[in-house]
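Right, one structure below, let's go through it.
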Amino acid sequence: MITVLKQGTTQAQMEHLIAWLRAQNLDVHISHGHDYTILGLIGDTGKIDMDLLASLDIVESVKRVTEPFKQCNRQFHPDDTVITVGNAKIGGGNFCMIAGPCSVETEEQIIEVAEKVKAAGADILRGGAFKPRTSPYDFQGLKGEGIRLLLEAKKATGLPIVTEIMNANYLDLFADVDIIQVGARNMQNFDLLKELGKTDKPILLKRGLANTLKEFLMSAEYIMSEGNQNIILCERGIRTFDTYSRNTLDLTAVPALHEMSHLPVVIDPSHATGKVRYVPPMALAAVAAGADGVMVEVHNDPMHAWCDGAQSLNPEQFADLAQKMRVVREAVTQ
């Protein structure tokens, strides 16, 4: 249920109403806009008399929200959420480029890639320290050592870092990580999501391989229900009947998620396509579709990458793509 307060409502009047609502065992989410204040009511709202609430002098309107996701719902929070990480902003008209290797391999590798993607305009460095792989015999990542090397790259370049977590038991290792990524396979690991909800770090949440957009937003709701509002949604392709590309990139997710939710949406064309020649056109299409950011895999020597070299751009290719993305971004925002 959402309650829109009238213009001119005083702070004291609002606090008095909120206290009454909380006395009904409801959580109250407050959203301040330019011309309005919205109270999002979470819990058993069935016992609230809508007519009584609507009759209050300070209340403009009352409406029930039928979707199961509440806090990430656009109706609860009409203005775009903007996530700030270092000097980078994601959402609300801001565009962010995230780039780096699929996996962290050596200190020389990650620092070289970080320096080159920063020179090309990247705002955030990505790199896998923990690598969930389909085969148990494939490289699984450097784990804690990988995070240490990412932090060395951050120290050398100033770029904030994003890396994936596999288990809540590893949270202590992520103390200095700027954005914690939840991979597609863990999108419905609800115990992990709830633990991440207790942190104050931005969470980059990837859509599952076969999940609907509503299920995707319900996973975001798990995080937000524990108090963490800093979530970035990432579309990385879904599994369909076609096997020519690694996955099928659902670009409809960009406008659809923007309509359904206030959270920023980024696109990962590398994991979506699995083939380097498809990454630039799909990245440009994502920008044209209105994505708030693009996350691209970049490796200094893709032919010898320990993981996913076939979908990784080299630094020169990324620099060319970054320039084209800026041109498309300027064209579609005019």
Side-chain angles (χ1 to χ4, degrees), residues 95-103 113 116-117 120-128 131-135 138-139 162 164 181 183-185 187 204-211 213 216 232-257 264-332:
F95 184 76
C96 179
M97 288 190 286
I98 307 170
C102 176
S103 63
V113 173
K116 290 184 175 179
V117 298
D123 304 288
I124 297 173
L125 174 68
R126 62 141 291 144
K131 293 304 303 175
R133 307 299 298 280
T134 302
S135 171
D138 289 338
F139 174 60
V162 54
E164 182 172 349
Q181 175 180 311
R185 295 171 179 83
M187 191 207 85
L204 190 147
L205 178 65
K206 286 196 166 187
R207 182 183 179 184
L209 279 72
N211 289 105
L213 294 181
F216 189 20
I232 305 159
L233 303 172
C234 180
E235 164 62 39
R236 45 80 69 205
I238 52 176
R239 180 169 291 173
T240 66
F241 56 83
D242 201 334
T243 58
Y244 191 72
S245 60
R246 184 173 183 175
N247 295 286
T248 298
L249 180 57
D250 180 13
L251 285 179
T252 309
V254 177
L257 288 170
V265 181
V266 304
I267 294 293
D268 178 353
S270 301
H271 281 93
T273 65
K275 298 179 181 179
V276 69
R277 62 185 179 274
Y278 300 145
V279 172
M282 297 316 297
L284 295 175
V287 177
D292 298 296
V294 171
M295 184 162 69
V296 180
E297 291 194 354
V298 181
H299 195 286
N300 57 335
D301 186 9
M303 290 290 292
H304 297 95
W306 296 2
C307 175
D308 286 344
Q311 65 194 36
S312 298
L313 303 177
N314 63 40
E316 292 73 25
Q317 290 171 318
F318 174 71
D320 180 66
L321 174 60
Q323 176 58 29
K324 290 177 178 176
M325 285 196 288
R326 284 190 284 267
V327 172
V328 174
R329 174 74 178 168
E330 182 177 352
V332 298

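One-based numbering along the sequence shown.
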Given 3.5 Å as the limit, does a donor-acceptor pair link the side chain of Asn314 with the main chain of Pro302, or not? no
Answer yes or no: does atom CZ of Arg185 have more than 12 heavy-atom neighbours from other residues, nucleotides or ligands under 6.0 Å? yes
Any donor-acceptor N/O pair, Glu330 side chain to Val327 backbone, under 3.5 Å: no
Whether Arg207 side chain and Ala184 backbone form a donor-acceptor pair below 3.5 Å: no
Spatial distance of atom CG (Asp250) from atom CD1 (Ile238) [nearest 0.5 Å]: 5.0 Å
Test your reading of the model: is there a side-chain donor-acceptor pair from Lys275 to the backbone of Tyr244, 3.5 Å cut-off? yes
Salt bridge check: are Lys131 and Asp308 linked by an N-O gap of less than 4.0 Å? no
At what distance, to the nearest 0.5 angstrom, does NZ of Lys206 lie from CE of Met295? 4.0 Å
How long is the straight-line distance from CD of Gln311 back to OG of Ser245, given to the nearest 0.5 Å? 11.5 Å
With no hydrogens and no angle check, is any side-chain donor or acceptor of Thr273 less than 3.5 Å from a backbone partner on Tyr278? no
N/O donor-acceptor pair under 3.5 Å between Asp292 side chain and Val266 backbone: no
Close side-chain approach of His299 and His304, heavy atoms under 4.5 Å: no
Criterion side chain to side chain donor-acceptor pair (under 3.5 Å) against Asp320, the qualifying member of Gln323, Gln317, Lys324: Lys324
Is the count of non-hydrogen atoms from other residues, nucleotides or ligands lying under 6.0 Å from Glu316 atom CD greater than 12? yes
Would a 4.5 Å heavy-atom cut-off, applied to side chains only, mark Ile98 and Asp268 as touching? no
